[in-house]
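Reckoned from all heavy atoms, side chains included, excluding hydrogens, waters and symmetry mates. Because the structure is predicted, anything quoted here is derived from the model rather than measured. We're numbering straight along the sequence, starting at 1.
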Amino acid sequence: MSALTYTKTQILKLTNSENFIRVFPIIQQSSMLRFKVITRVTSTQTRSKSTVSLKFFTKAHCMLCTNANEILQQAISSPDVENVKLNFTKVDIMDPNNKEWFDKYCYDVPVLHIESPNDNVVKKHMHYFDKSQLIKDFLTLDTKEERL
């Protein structure tokens with residue numbers, strides 16, 4: 001490890017850097033400080049995350065759907081999930097092209113399917129959505145993908 005000389009501004013930049021671990025003060029000389037800096041070695045490779053798919057089944061003139069949509073949008077825009085790749089699709093079950101989904105969920109909307117391409121299980125939320133549970137499920141699926 002070598003001793004380097006940094007200004008206070010440079011030290012602040014170092015301490016805010018992702019490679020920073022610890023700065024050891026050695027000598028103070030006027031406005032310059034001398035420090036030993038130990039840095040963390042980081043990989044330059046980035047892991048390609050898969051996208052967590054959200055499919056929201058809804059219909060017009062449905063108060064439960066309106067409320068669930070608001071909660072879902074809050075969960076999606078939460079800072080907790082800003083690093084999770086989400087693909088959101090809204091499915092109107094009243095559309096004649098979505099007859100399959102109408103037959104399945106005509107009395108159950110709103111419904112949310114949460115799935116990842118690496119997971120065979122589809123998590124479902126129905127009727128009343130809970131923001132904290134949605135966020136937890138987004139993060140759980142994202143974490144599962146990291147371990148694969």
To the nearest 0.5 Å, what is the distance between [atom1] ([X]) and [atom2] ([Y])?
X	Y	atom1	atom2	answer
Phe56	Asp92	CZ	CG	10.5 Å
Asp95	Lys59	CG	NZ	14.0 Å
Phe138	Ser116	CZ	OG	13.0 Å

Quickly, which of Thr140, Asp137, Leu86 forms a side chain to side chain contact (heavy atoms under 4.5 Å, CB included) with Val52? Name it, please.
Leu86
Option passing side chain to side chain contact (heavy atoms under 4.5 Å, CB included) with Val111 (candidates His125, Lys55, Met126, His127)
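The passing option is Met126.
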Leu112 vs Leu134 side-chain heavy atoms within contact, under 4.5 Å:
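Contact flag for Leu112/Leu134 side chains = yes.
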Which heavy atom of Ala68 sits nearest to which heavy atom of Pro110, and what is that distance?
CB-CG, 3.5 Å
If you look at every heavy atom in Cys106 and Ile93, which pair is closest and at what distance?
CA-CD1, 3.9 Å
Would you say [Y] ends up clustered with [X] if hydrophobic residues are merged whenever their side chains have heavy atoms under 4.5 Å apart, either directly or through other cluster members?
X	Y	value
Val122	Phe57	no
Phe102	Val91	yes
Val109	Leu54	no

Validation: residues 69-81 side-chain donor-acceptor distances under 3.5 Å, sequence neighbours left out:
unit_1, atom_1, unit_2, atom_2, d
Ser77, OG, Gln73, O, 2.9
Ser77, OG, Gln74, O, 3.3
Ser78, OG, Asp80, N, 3.2

Pairs involving residues 101-113, ordered by first then second residue, that meet side-chain hydrogen bond (donor to acceptor under 3.5 Å, both in side chains) (sequence neighbours left out):
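As it turns out, the side-chain hydrogen bond (donor to acceptor under 3.5 Å, both in side chains) pairs with a partner in residues 101-113, which skip direct neighbours, are Lys99-Asp103, Tyr105-His113, Tyr105-Lys124.
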